[in-house]
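Atoms within a ligand are numbered from 1 in the order they appear, just like the ligands themselves. What you are looking at is a predicted structure, and each value in this text was computed from that prediction instead of being measured.
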Amino acid sequence: MPVTGTFSVFLKLSERSLGPLGLFGGTFDPVHFGHLRLAEEAIDQLALEDVRWIPAGQPAHRGPPRVSAGQRLAMVRLAVAGNPGFSVDAAEVEATVPSYTVPTLERLRAELGVDRPLVLLLGADALAGLESWYRWRELFALTHIAVSHRPGFPVAATALPPALAEEFAARQRDDAAALRVASAGSIVAFEMTQLAISATQIRQLQAAGRSARYLLPDKVLDYIQTHSLYRNS
Ligand code: ATP
């Protein structure tokens, strides 16, 4: 019997709400087109339903960001505005403790349930440093990982330290369909348009009084200039 009317709408909504959800954490100091293309191409290539951007409050794996968490959050909000596939999660920014991904994933699991496929989006450089993350082995019970290629950073088990290389080899899947078969545990690589843009480069250009235009959205650059951010290196 064909499914019609209200029931069919309900079915579609519930099917949709179980689609893989991309999670994109970062310092975003500032957000730039490399980040935006990564998230956009992840939706497209991996058939994600949505990408939730999660700016880090006090990132645990690196030195303190150059500008405040509130300013980085404001720039991410400006960058993603108007894209219905993007949303912003401000919880790490609002927290008073350092940001760690596993506790964030535990919070999201409590919110979204155990069955929803979650896909943590990482650039290849971030994957290479995964072993330094707090409780990193627990990531795989909570989420899938999708790794984008990034200029200068190969995506291959041979480029990783031994324990991580072992996890990578055991969990890597060639087909993004693996992200729907289970709610967590697989690693998928995807080849995004290669953009050799980094937040470091943008901060350096700003500090030198040089143009960062076309490396990041105009609205974000306007925000940086209005608030005199990154003036000194
Ligand atoms: P910084 O230069 O300050 O280290 P960044 O440009 O690497 O910053 P982050 O906020 O640290 O930006 O990165 C967030 C995520 O985006 C990471 O997983 C990183 O690998 C990825 N990423 C950043 N820039 C690119 C890019 N140009 N191509 C692919 N992935 C990227």
Residue pair Asn83 / Glu40, side-chain donor-acceptor N/O under 3.5 Å: yes
Shortest protein contact, atom 30 (N) of ligand 1 (heavy atom only): Leu38 CD1, 3.4 Å
Atoms of ligand 1 close to Thr200 [distance to a heavy atom under 4.0 angstrom, numbered from 1]: 1 (P), 2 (O), 3 (O), 4 (O)
Numbered atoms and elements of ligand 1 in range of Arg203, under 4.0 angstrom, heavy atoms: 3 (O)
Close approach of Asp29 to ligand 1, heavy atoms, under 4.0 angstrom: no
same_hphob_cluster(Leu121, Leu21) at 4.5 Å side-chain heavy-atom cutoff: no
Common cluster, Phe28/Leu122, ILVMFWY with side-chain heavy-atom separation under 4.5 Å: no
Nearest-0.5 Å distance that lies between atom OH in Tyr230 and atom CG in Asp29: 3.5 Å
Atoms in ligand 1 flagged as close to Gly26, the criterion being non-hydrogen separation under 4.0 Å: 10 (O), 14 (C)
salt_bridge(Asp89, Arg107) N-O dist < 4.0 Å: yes
Proximal ligand 1 atoms for Leu122, defined as those under 4.0 Å from one of its heavy atoms: 18 (O)
Atoms in ligand 1 flagged as close to Asp125, the criterion being non-hydrogen separation under 4.0 Å: 19 (C), 20 (O)
Min heavy-atom dist Ala196 to ligand 1 below 4.0 Å: no
Enumerated ligand 1 atoms positioned under 4.0 Å from heavy atoms of Phe24: 15 (C), 16 (O)
Glu166 atom CD: more than 12 heavy-atom contacts under 6.0 Å: no
Nearest-0.5 Å distance, CZ of residue Phe86 to CH2 of residue Trp53: 5.5 Å
Element-labelled atoms of ligand 1 that are located less than 4.0 Å from some non-hydrogen atom of Ala199: 1 (P), 2 (O), 3 (O), 5 (P), 6 (O), 8 (O)
For a quick test of your reading: what N or O donor-acceptor pairs under 3.5 Å do the side chains of residues 205-215 make, sequence neighbours left out?
residue : atom : partner : partner atom : Å
Ser211  : OG   : Arg213  : N            : 3.2

Sub-4.0 Å heavy-atom contact, Met192 with ligand 1: yes
Intermediate values then yes/no, salt bridge (Lys or Arg N to Asp or Glu O under 4.0 Å), Glu92 and Arg72: CA-CA 12 Å; Glu92 287 195 6; Arg72 290 181 291 103; over 6 Å; no
Residue and atom name of the nearest protein heavy atom (relative to atom 11 (O) of ligand 1), distance in Å to one decimal: Arg62 NH1, 3.1 Å
Closest approach of any protein heavy atom to atom 12 (O) of ligand 1, naming residue and atom: His35 NE2, 2.9 Å
Heavy-atom nearest neighbour in the protein, as seen from atom 10 (O) of ligand 1, with distance rounded to 0.1 Å: Phe28 N, 2.9 Å
Pairwise distance CZ(Arg52) to OG(Ser87) - rounded to 0.5 angstrom: 5.5 Å
Protein heavy atom at shortest distance from atom 18 (O) of ligand 1: Gly123 N, 2.9 Å
Per-atom contacts of ligand 1 with Arg150, taking only distances under 4.0 Å to non-hydrogen atoms: 5 (P), 6 (O), 7 (O), 19 (C), 20 (O), 22 (N), 23 (C), 24 (N), 25 (C), 26 (C), 27 (N), 28 (N), 29 (C), 30 (N), 31 (C)
Non-hydrogen side-chain atoms of Leu118 and Pro20 separated by less than 4.5 Å: no
Ligand 1 contact by His32, heavy-atom criterion under 4.0 angstrom: yes
Arg37 to ligand 1, any heavy atom closer than 4.0 Å: no
